[in-house]
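Sharing a structure below in structure tokens format, with a few things to ask.
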Amino acid sequence: PVIHGFCKAGRVEYALHLMDSMQLNGIAPTTVTYTTLIQGLCARGELDRALYLLNQMKSMEPNCAPNAVTYTKLIHGLCQNGLYELGVEILHEMIQRGFRPNESTYSVLINGFYQWGDFTRAVVLVNEMGHVGYQTDLATYNCLINGLCKVGEMGLAMDTIGLMWERGVTPDSSSYTGLIQGLCKKGLVDKAVGLMEEMREKGIEPNSVTYTSLVNGLKQIGKNDVALELVHEMESKGLKPV
RNA sequence: CCAAGUAA
């Protein structure tokens, strides 16, 4: 808890030191302690040290056995630093050790793949996920949609949101915002406008990011007047441009 | 029970 605070404040070194003194006083670090430190190290790009900590945890079982959260944080860190191949390895290790990766784990990886442009790997992963009969939740879908939009696969992205409705997962404003951005990038601003109408019909309120994205799209194709209208509408709802 | 994932 305290350590978590230090990590968030960017004082990872201090937190590590603190853990040492805890051990000297006979206080055993817990899984959460380690996990938090791993997160802190990842954020600083010190992945080797994070991996080292993971090994240390494994040798200290069962008191601080790594769990799903530990792995997810680590994989997240690896992905952020472009080491998603290693992330996949860790994922497999995790499965071998009998951990079920959960929705967060997959979200993190999907995100990592797209972030570094590895579209094919992402698709493989998603299939793998579906194959295991995995339950994809809202955030996972959103990661997927965003990824697809980034690659310009708008057809697939639209299919995905359709799938969400079918499966009873209600998309949120993030889901739609991603799509709107993708459409705008392709110059399909009219479709983006239509999509925004659709989302309100379904009772999903656009937020400031949604508005801003669409406004930018409209400006790009020179529809400054329409863009301005939107800005006013947004402001009348108390939303500020981002 | 406390630590994990998504849009500008």
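Source: prediction; values computed, not measured. Letters A, B, ... mirror the listed sequences (proteins, then strands); counts begin at 1.
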message: Between C1' on B/A8 and CG on A/Leu214, what's the gap in Å once rounded to a whole number?
response: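 The answer, rounded to whole Å, is 13 Å.
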- prompt: Taking the side chain of A/Asn111 as its heavy atoms from C-beta onward, which of B/A3, B/A7, B/U6 lies nearest to it?
  reply: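 Nearest to the side chain of A/Asn111 among the choices is B/U6.
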query: Does a distance-only test, which skips hydrogens and angles, find a donor-acceptor pair under 3.5 Å between the side chain of A/Asp137 and the base of B/G5?
result: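 A donor-acceptor contact between them is present.
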message: Under a 3.5 Å threshold, yes or no: a donor from one side chain and an acceptor from the other, between A/Gln181 and A/Ser213?
response: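 The answer is yes; a qualifying pair exists.
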message: Considering every strand and a 4.0 Å limit on heavy-atom distances, what is the contact class for A/Asn216: base, sugar-phosphate, or nothing?
response: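 No contact.
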field: Any donor-acceptor N/O pair under 3.5 Å between B/A8 base and A/Asn146 side chain
entry: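 A donor-acceptor contact between them is absent.
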message: If I take atom CG in residue A/Leu138 and atom P in nucleotide B/U6, what distance separates them, rounded to the nearest angstrom?
response: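 Rounded to the whole Å, the gap is 12 Å.
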message: Counting neighbours of NZ on A/Lys191 that are heavy atoms of other residues, nucleotides or ligands and sit closer than 6.0 Å, is the number greater than 12?
response: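 Atom NZ in A/Lys191 is not crowded, with 12 or fewer foreign heavy atoms closer than 6.0 Å.
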query: Are side-chain N/O atoms of A/Glu93 and A/Tyr71 paired as donor and acceptor at under 3.5 Å?
result: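 Yes, because at least one side-chain N or O of A/Glu93 sits under 3.5 Å from a partner of the opposite role on A/Tyr71.
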message: Expressed as a whole number of angstroms, how long is the span from A/Phe113:CZ to B/U6:C1'?
response: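 After rounding, the reported distance stands at 16 Å.
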message: Please report the distance, rounded to the nearest Å, between CD in A/Gln39 and P in B/A4.
response: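 My rounded result for the distance is 6 Å.
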- prompt: Please give, in whole Å, the distance from B/U6 C1' to A/Leu179 CG?
  reply: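 After rounding, the reported distance stands at 13 Å.
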task: Using a heavy-atom cut-off of under 4.0 Å over every strand shown, decide if A/Asn102 touches base, sugar-phosphate, or nothing.
output: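 Here A/Asn102 touches the bases of the nucleic acid.
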query: What about A/Thr105, does its side chain sit under 3.5 Å from the base of B/G5 through a donor-acceptor pair?
result: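 Answer no: no donor N or O sits under 3.5 Å from an acceptor.
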task: Specify the separation, in whole Å, of atom CD of A/Gln115 and atom C1' of B/G5.
output: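 Nearest whole value for this atom pair: 12 Å.
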message: By nearest atom, which of the nucleotides B/A8, B/A3, B/U6 is closest to the A/Thr70 side chain?
response: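 For A/Thr70, the side-chain atoms sit closest to B/A3.
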- prompt: Side-chain donor-acceptor pair under 3.5 Å between A/Asn142 and A/Asp172, yes or no?
  reply: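 A/Asp172 and A/Asn142 do have a side-chain donor-acceptor pair below 3.5 Å.
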- prompt: Closest heavy-atom contact between A/Leu179 and A/Ala157?
  reply: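 Heavy-atom minimum between the residues: CD2-CB, 3.5 Å.
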task: Report which part of the nucleic acid A/Thr140 touches: base, sugar-phosphate, or nothing (heavy-atom distance under 4.0 Å, all strands).
output: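 Base contact - A/Thr140 has a heavy atom under 4.0 Å of at least one base atom.
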- request: Rounded off to whole Å, could you give me the CG-to-P distance for the A/Leu144 and B/G5 pair?
  value: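 Atom CG in A/Leu144 sits about 18 Å away from atom P in B/G5.
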task: Determine the contact category for A/Thr35: base if any of its heavy atoms lies under 4.0 Å from a base atom, sugar-phosphate if only primed atoms, P, OP1 or OP2 are that close, otherwise nothing.
output: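 Base contact - A/Thr35 has a heavy atom under 4.0 Å of at least one base atom.
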Which nucleotide in B/A3, B/G5, B/A7 has an atom nearest any side-chain atom of A/Thr177: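 When the side chain of A/Thr177 is considered, B/A7 is the closest of B/A3, B/G5, B/A7.
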message: Heavy atoms from C-beta onward define the side chain here; which of B/G5, B/U6, B/A3 lies closest to that of A/Val108?
response: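 Of the candidates, B/G5 comes closest.
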- prompt: Between atom CG in A/Leu37 and atom P in B/C2, what is the gap in whole Å?
  reply: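 After rounding, the reported distance stands at 19 Å.
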